[in-house]
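Read the structure below first, then the notes.
One is the number of the first residue; the rest follow in order along the sequence.
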Amino acid sequence: MRVKAKTPLWQTLLAAAFWVAVWQGLALWLGHGGLLLATPGQTVRALVQLVPTAEFWHRIAFSALRILTGFLLATVCGLTLGAAGARWHWFEVLVSPVMQLIRAMPVASFVILALLWVSGKNLSIVVSFTHVLPVIYAGTLVGIADTDPRLVEMARVYRLSLVRRLRYIWLPGVFPSFCESCIAAMGMCWKSGVSAEVIGLPDHSVGDALYRAKITLSTPEVFAWTLVIVLLSAALSSLAAAALREIKRRLCGEVAE
């Protein structure tokens, strides 16, 4: 199989510069002082005004705490349910319709239903949890299925302890798929969590700030908060990948590629 070469940094920067130029051109073409589409400069200035304020960091902490709580709970439950589904076929058959239902349900519909059960303050925890759970569950199932059965049989023949099987067979086998699932889930987590906040409007949240900027027609601020969400999602996805690689290195003595 051909291995795709890594894109040079200068090419990535050049592509980014091209799309920023397109963004600038569209904003100037639409006109209206950035009311319909804020320019990159207006977006950066709005962000520079937001960052030094205590309210900005309070909103980031409020949303991040709840969204990451939902992510961690979904990761633990997804691993547990995935392992159970791989072990017992009847359990996989029983759980699969629920996972498919969650995958297919629009975020807005689920948010409205969730508001009947929880307060707006904790809405992003529930929504993040439910939208991450199917991804982690599927990644765990695939990872276990991809584990070399010959290694499993060898461990059974040599009567390796459960700890050794987990460390040297199951963890290396499950890790690649699980890592990809976590990285994808982190992006979904932020998108679904902030979407829930925009509808539920909990005080001191990022979603609430985004909605307030929209109703006051502060388009540069809308773009600034959107940029913050994108950057947070990308940064946390990278951190999650690095943390998972370090965990595997410590447990298995090697770094996953």
Would you name the heavy atoms of T219 and A38 that are closest together and state the gap between them? CG2-N, 3.8 Å
Minimal heavy-atom distance between G139 and S181, with the atoms involved, is CA-OG, 3.1 Å
Do you know the tightest heavy-atom contact between C189 and V132? CB-CG2, 3.6 Å
Would you find a donor on one side and an acceptor on the other, under 3.5 Å apart, between the side chain of S128 and the backbone of I125? no
Closest non-hydrogen atom pair between G207 and E197, with its separation: N-OE1, 3.0 Å
What are the two closest heavy atoms between R212 and I215, and how far apart are they? O-CG1, 3.3 Å
Kindly work out whether a path of hydrophobic side-chain contacts (I/L/V/M/F/W/Y, heavy atoms less than 4.5 Å apart) joins W10 to F18. no
Counting C-beta onward and ignoring hydrogens, is there a side-chain heavy-atom pair between C182 and I136 closer than 4.5 Å? yes
Quiz: residues 67-96 side-chain donor-acceptor pairs under 3.5 angstrom, not counting sequence neighbours:
| residue | atom | partner | partner atom | Å |
| --- | --- | --- | --- | --- |
| T69 | OG1 | L65 | O | 2.6 |
| T75 | OG1 | F71 | O | 2.8 |
| T80 | OG1 | V76 | O | 2.9 |
| S96 | OG | E92 | O | 2.7 |

Check: I60 and V206 side chains under 4.5 Å, non-hydrogen atoms: yes
In the single-linkage hydrophobic clustering (I, L, V, M, F, W, Y; side-chain heavy atoms under 4.5 Å), do V48 and F56 co-cluster? no
Determine all donor-acceptor pairs shorter than 3.5 Å in which one atom belongs to a side chain in residues 221-244; sequence neighbours excluded.
| residue | atom | partner | partner atom | Å |
| --- | --- | --- | --- | --- |
| T226 | OG1 | V222 | O | 2.7 |
| S237 | OG | S233 | O | 2.8 |
| S238 | OG | A234 | O | 3.1 |

Does K121 offer a backbone N or O that forms a donor-acceptor pair with the side chain of R66 under 3.5 Å? yes
Looking only at heavy atoms, which two atoms of Q42 and P220 are closest? And how far apart? O-CB, 3.7 Å
The reported gap from CG in L101 to OG1 in T130 (rounded to nearest 0.5 angstrom) is 10.5 Å
Among residues at least two apart in sequence or on other chains, which ones pass salt bridge (charged side-chain N to carboxylate O under 4.0 Å, His left out) with R59? E55, D208
Separation of L28 CG from T39 OG1 (nearest 0.5 Å): 7.0 Å
Taking the inter-plane angle between the rings of F110 and H131 on a 0 to 90° scale, is it parallel (under 30°), tilted (30 to 60°) or perpendicular (over 60°)? perpendicular
With the 4.5 Å side-chain cut-off for hydrophobic clustering, are W190 and F129 part of the same group? no
More than 12 heavy atoms of other residues, nucleotides or ligands under 6.0 Å from OH of Y211: is that the case? no
Do V118 and L116 belong to the same hydrophobic cluster, where Ile, Leu, Val, Met, Phe, Trp and Tyr are linked whenever their side-chain heavy atoms lie under 4.5 Å apart, directly or via other members? yes
Would a 4.5 Å heavy-atom cut-off, applied to side chains only, mark W23 and L37 as touching? yes
Honestly curious: do L113 and V126 fall in one hydrophobic cluster under the side-chain, below-4.5 Å linking rule? yes
